[in-house]
Amino acid sequence: MNQSFFSDKRVVFITLGCKLNFSETSTIVKRLYDAGVQPVKKGEKADICIINTCAVTEVAEKKSRQAINKIIRQNPNACVVVMGCYGQISADHLLLIPGVDIVIGQDEKDQVLELICEQMKNGNVATQAVSKNIEKFIPSCSKGDRTRFFLKVQDGCDYFCSYCIIPYTRGRSRNGKIEDIIKQAKEAGERNGQEIVLTGVNIGDFGKSSGEHFINLIQELDKIETISRYRISSIEPNLLTDEIIEFVAGSQKFMPHFHIPLQSGSDKVLELMHRRYDRSLFVEKIMKIKSEMPQAFIGVDVIVGMRGESDELFEDSYSFLESLDISKLHVFSYSERPGTLALKIPNPVSFKDKSIRSHRLIELSEKKLEAFYSAAIGKKADVLVERSLRRTPSHGFTDNYIKVELDNICGNTFENKIIKVRLEGFNSKKDALKATMVD
């Protein structure tokens, strides 16, 4: 790529949606910077605008459209590139938006520089590069705004849950090879990375395209001396094997922190969703984790208002969730997605009922998180310190993902370092525990 062409160009990025999107955006950012593009400064107009979109819900699509229109208004002469899940499924529609120059699909993300160069040199009409068959695994590893790296190990999904559009926006399950992922993790360590979060769409399905297994991957990652911590971003309960749980429990590097999508505590609703487990299996997984790691943080995804979720089925789900020994609920309202099987299910839930159910589960989540934090007060813990704003207390997370505010540390003296602290009580916002550094 001709660096001289990009040397006087300024770029702005907007990313919406999941951690996987942020990781992929970061990889593209690095390619552009390596080609000579500079980040836009305050008050400047950008020459290139890239919006990495989300389409997992109707609200996500709306936010993506708003972001596209806003960035076009702010940078009227820029080359505007739309990519991501919304771009994959709605390229024709997006190209009708005045100001959109390029729409890039999932398989074309690695061609972004070439497409921008061609568009800006030739002034072509708006174009799309969107393959209907998504086949590539495009690696990415990004450093977040804090102290951790996000390492993409898998992409796509073969599950086709009745409510979900992801198999259509991300394609079928595929992954990188263990040897290549290990190289990326080692590079993160060379860049002073302390913590790596393993990301993907369905990471427990790792190995579909390489004949390997997720347990083999984490065993090899555990051997890298320069990385202190790993977190598994999200893993399906039916793919979270006892072998994985036992390995994490015995590892010094894999944190006692699990994010497990349940989606509903009602077996009937799970059946409507075409999930691959029932709640008895979910209970087995929670009990296994807690028996091996009593202080483990367990976050659980739940969808409310799925078509067919009656009042009785929701109450059944609520009671089940209330009984679980978990730390937090991530609550989402069901959103109808074109082309999904859920649209054939009768008895849609009203917006009002979705809202009421969502608020009840959020309140339940807040109680569970408060109880989980309260049980840690008075204990010592290791905290990875993150970057703080000037003249504000430093903060970070314990191994089991308790957010900590460090009263006796201001500034970034200990940024990206793991320190020993004593957890002393809630901060004023009750979103973290106060702590002081100890020997």
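Values below: every heavy atom of this structure, side chains too, minus hydrogens, waters and symmetry copies. What you see is a predicted model; the values in this text were computed from it and never measured.
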Does any N or O in the side chain of S210 come within less than 3.5 Å of the main-chain N or O of K177, such that one atom is a donor and the other an acceptor?
no
Should R276 and D158 count as an ion pair when the cut-off is N to O under 4.0 Å?
no
Can a side-chain donor-acceptor contact be found between S266 and S317 if the only test is distance below 3.5 angstrom?
no
Any donor-acceptor pair under 3.5 Å from D155 side chain to R174 backbone
no
Would you say that M293 contacts I245 through its side chain, given a criterion of any heavy-atom pair below 4.5 Å between the two side chains?
yes
So, E243 and T241: side-chain donor and acceptor under 3.5 Å apart, yes or no?
no
Using only heavy-atom distances, determine whether the side chains of T199 and S233 contain a donor-acceptor pair under 3.5 Å.
no
Looking only at side chains, do Q194 and N416 share a donor and an acceptor under 3.5 Å apart?
no
Quiz question: by atom type and distance under 3.5 Å, do the side chains of T226 and E190 form a donor-acceptor pair?
no
Donor on one side chain, acceptor on other, S173 and N202, under 3.5 Å
no
So, T53 side chain and Y86 main chain: donor-acceptor pair closer than 3.5 Å or not?
yes
Backbone of L384 reached by a side-chain donor or acceptor of K417 within 3.5 Å
no
Going by atom types only, do Q128 and D92 share a side-chain donor-acceptor pair under 3.5 Å?
yes
Distance only, no hydrogens: is a donor on one side chain within 3.5 Å (strictly under) of an acceptor on the other, for E108 and S131?
yes
